[in-house]
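Heads up: the structure comes next, in structure tokens.
Numbers for residues simply follow the sequence, beginning at 1.
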Amino acid sequence: MICPSCGHEIDDDAAFCTECGARIDQPAAPEPDEPAPAKKRPLSVAQKAAIAGLVVALLAGGGGAGYYFGAYVPGQRRAAAQKLADERAHVNVRVKIAVSADGWDTATGASRLPVHVTGTSADGDVDEVQYVASDGTGIVLIPGTYDIFVAASPIAADGSLFDVPSQRASLTVGADTDVDPDSPDVPATPDEVAPLPDTDYDSTGDVAVTLKPADMTTVTDDQIAEAKRYASQDPQAAAGSADQLASSATAKRDDAVTQKKAAEEEAARKKAAEEAAAKKQQAMGDLVSRALSTNYDDGTRSDGIDSTSFKFDRKQTSNGAGPFLDHRDGFWTVKIYSGDEATSRAVALYAFKQGVGSSLLHKENWPSIDADGQGIAVVGIYGSKDEAAAGTKELEAAGIPYDKVIFTGPRSGTSGRV
């Protein structure tokens with residue numbers, strides 16, 4: 001027969017249900033032609049009390065009561081304990097990790113950091129991508145053991161990308177699933193076990209991610225596309241934000257490449273200028289050495305006077321042998337060397353002997369001249385800058401390095417011959 005209380009199948013002659021302990025009333029077999037029963041009188045209080053006592057005595061000593069208290073009730077608590085353990089094994093845990101990156105702040109519009117989570121939980125294998133804000137929050141897991149690593153670079157609000165670290169971090173989210181049925185925390189029945197609220201777990205001591213800004217000049221289109229793809233899959237991302245961030249990243253990369261190219265070109269120009277200056281300085285040193293070691297006596301004068309020096313001194317005087325100079329407007333000159341007077345004279349004499357017309361000007365006699373020392377050896381005095389530039393060809397042909405073309409200012413507004 002079927003127990004009318006719980007529906008469990010029991011023996012036909014059972015007095016109590018072996019599953020739930022309910023008493024089973026067996027119907028009496030009807031007798032044929034039995035006269036109608038006489039009307040019963042209601043039970044008195046004393047009779048009811050006696051019957052109740054009898055029932056209690058029967059339950060206390062009967063097999064149905066033993067099953068109820070000895071098997072059914074403990075079974076219900078064991079089922080409740082199992083359900084509570086299952087709830088604990090599936091509780092949502094909000095995991096916080098340590099994450100740092102200069103210039104990356106999700107509160108100002110940056111995309112969240114995509115992290116790949118693999119491992120095992122009560123539900124089996126886990127392989128998914130979750131997203132972390134710059135404060136380290138965002139990962140939600142159930143108890144289990146996991147590996148966490150960065151899937152791709154986030155995109156900062158200004159378009160910056162970051163190098164993706166290759167390190168993996170292990171994480172264990174624990175749960176107390178060994179529940180004692182006799183614990184006071186366990187309800188009497190499974191139906192009384194309530195769902196558990198989400199919990200928080202600070203794992204900053206176990207998982208730390210440090211992002212370093214990427215060299216934007218080396219960032220490729222594929223890297224930007226990868227960062228955009230992950231950003232667009234973030235369930236919390238605003239519509240269109242991934243496109244905007246990717247555009248900013250492209251613009252920042254292109255600008256960085258342009259600036260790097262300009263810096264490289266400037267560095268190359270600077271290096272070339274430094275090398276040219278060093279080469280010129282070396283050549284000038286060689287010129288000075290040659291000038292100081294040259295014998296200027298060409299032996300053309302019978303009286304033994306150095307004719308080269310004589311001709312040079314005569315050319316530098318104002319006795320009418322030198323060129324006519326109008327000092328009111330000034331002139332362009334080609335400077336060979338500037339320094340002390342003796343060395344300047346030697347250089348000027350050397351150029352003169354090489355057949356290049358030379359002059360020796362002194363700063364004290366021409367205050368506006370660009371001189372670093374007492375004298376300047378110059379070759380040619382010209383009426384225009386173009387003429388002076390053309391005069392440098394004469395120096396180059398003679399193998400004499402020159403310093404620069406300068407403007408020789410007027411000397412007291414006078415005229416004369418030098």
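When all heavy atoms of Ala157 and Gly109 are compared, the closest pair comes out as CB-C, 4.3 Å. When every heavy atom of Ala388 is checked against every heavy atom of Val405, the shortest pair comes out as CB-CG1, 3.6 Å. Contact between Gln223 and Thr218 at its shortest, heavy atoms only, is OE1-O, 3.7 Å. Between Gly357 and Glu394, the shortest heavy-atom distance links the atoms N-OE2, 4.0 Å. When every heavy atom of Ser134 is checked against every heavy atom of Ala107, the shortest pair comes out as OG-N, 4.4 Å. Of all heavy-atom pairs spanning Thr106 and Ala133, the tightest one is OG1-CB, 3.7 Å.
Side-chain contact between Tyr146 and Leu141 is present, with heavy atoms from C-beta onward closer than 4.5 Å. A heavy-atom distance below 4.5 Å is found between the side chains of Asp243 and Lys228. In this structure, Ser309 and Arg345 have side chains that are in contact, with non-hydrogen atoms separated by less than 4.5 Å. Between Tyr131 and Pro235 the shortest side-chain heavy-atom distance falls below 4.5 Å. Between Leu113 and Leu211 there is a side-chain heavy-atom pair separated by less than 4.5 Å. Contact check for Val129 versus Gln233: no side-chain heavy atoms found under the 4.5 Å cut-off. For the pair Glu87/Pro195, a side-chain contact is recorded, criterion being any heavy-atom separation below 4.5 Å from C-beta on. A 4.5 Å side-chain heavy-atom check between Val378 and Val334 finds every atom pair outside the cut-off.
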Checking side-chain contact (heavy atoms from CB on, under 4.5 Å) for the pair Ile148/Val95: CA distance, chi angles, key distance, verdict? CA-CA 12 Å; Ile148 294 177; Val95 179; 5.7 Å; no
Residues Ile142, Asn92; criterion side-chain contact (heavy atoms from CB on, under 4.5 Å); working and verdict: CA-CA 5 Å; Ile142 64 174; Asn92 285 331; 3.8 Å; yes
Could you walk me through whether Glu387 and Trp332 pass the side-chain contact (heavy atoms from CB on, under 4.5 Å) check? CA-CA 8 Å; Glu387 290 178 3; Trp332 293 94; over 6 Å; no
Show the numbers, then the answer: is there a side chain to side chain donor-acceptor pair (under 3.5 Å) between Ser121 and Asp123? CA-CA 5 Å; Ser121 69; Asp123 291 335; 4.8 Å; no
Walk me through it: do Arg253 and Asp221 pass the test side-chain contact (heavy atoms from CB on, under 4.5 Å)? CA-CA 9 Å; Arg253 188 272 313 278; Asp221 289 338; 2.8 Å; yes
Apply side chain to side chain donor-acceptor pair (under 3.5 Å) to residues Asp86 and Gln82 and explain how you reach the verdict. CA-CA 6 Å; Asp86 188 64; Gln82 181 60 46; 5.6 Å; no
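Atom CG of Leu349 sits about 8.0 Å away from atom CG of Leu360, to the nearest 0.5 Å. Rounded to the nearest 0.5 Å, atoms CD1 (Ile97) and CG (Asp202) are 11.0 Å apart. Going from atom OG of Ser338 over to atom CD1 of Ile406 covers 8.5 Å, rounded to the nearest 0.5 Å. In this structure, CD in Glu396 is found 5.0 Å from OH in Tyr402, a value given to the nearest 0.5 Å. In this structure, the separation between CG on Leu292 and CG on Leu287 is 9.0 Å, given to the nearest 0.5 Å. In this structure, CG on Asp180 lies 9.0 Å from CZ on Arg77, to the nearest 0.5 angstrom.
With respect to Lys83 and Asp191, no salt bridge is recorded, no charged nitrogen being found less than 4.0 Å from a carboxylate O. Under 4.0 Å is where a charged nitrogen must lie from a carboxylate oxygen, and between Asp200 and Lys96 no such pair does. Remark: Asp163 does not engage Lys212 in a salt bridge, criterion side-chain N to carboxylate O under 4.0 Å. Salt bridge annotation for Lys271-Glu274: absent, with no cationic side-chain nitrogen under 4.0 angstrom from a carboxylate oxygen. Contact check on Lys261 versus Glu264 returns no salt bridge, with no Lys/Arg side-chain nitrogen under 4.0 Å from an Asp/Glu carboxylate oxygen.
No donor-acceptor pair closer than 3.5 Å links the side chain of Ser170 to the backbone N or O of Arg168. A donor-acceptor pair under 3.5 Å is absent between the side-chain atoms of Thr172 and the main chain of Gly174, judged by distance alone. Using modelled atom types, no side-chain atom of Arg290 and backbone atom of Val347 make a donor-acceptor pair closer than 3.5 Å. For the pair Arg94 (side chain) and Thr137 (backbone), a donor-acceptor distance under 3.5 Å is absent. Side-chain atoms of Lys353 come within 3.5 Å of backbone N or O of Asn295 as a donor-acceptor pair. Without hydrogens or angle criteria, Tyr296 side chain to Ala346 main chain gives a donor-acceptor distance under 3.5 Å. In this structure, the side chain of Ser248 engages the main chain of Gln244 through a donor-acceptor pair within 3.5 Å. Formation of a donor-acceptor pair under 3.5 Å by the Gln130 side chain with backbone atoms of Val140 is found in this model. A side-chain donor-acceptor contact under 3.5 Å links Ser111 to the backbone of Ile155.
Taking a 6.0 Å sphere around CG of Asp102, one finds it holds 12 or fewer heavy atoms contributed by other residues, nucleotides or ligands. Other residues, nucleotides and ligands place more than 12 heavy atoms under 6.0 Å from the CD atom of Glu192.
Pro143 pairs with exactly one of Val91, Thr199, Thr177 by the side chain to side chain contact (heavy atoms under 4.5 Å, CB included) rule, that one being Val91.
For Asp206 and Ser203, the side-chain atoms include no donor-acceptor pair closer than 3.5 Å. Side-chain polar atoms of Ser160 and Asp158 form a donor-acceptor pair below 3.5 angstrom. Using modelled atom types and a 3.5 Å distance limit, the side chains of His116 and Asp147 yield no donor-acceptor pair. A side-chain donor from one of Asp255 and Gln259 sits under 3.5 Å from a side-chain acceptor of the other. Between Thr220 and Asp222, the side chains place no donor N or O within less than 3.5 Å of an acceptor N or O (distance only, hydrogens not considered).
Using cut-offs of 30° and 60° on the angle between ring planes, the pair Trp104 and Phe162 is perpendicular.
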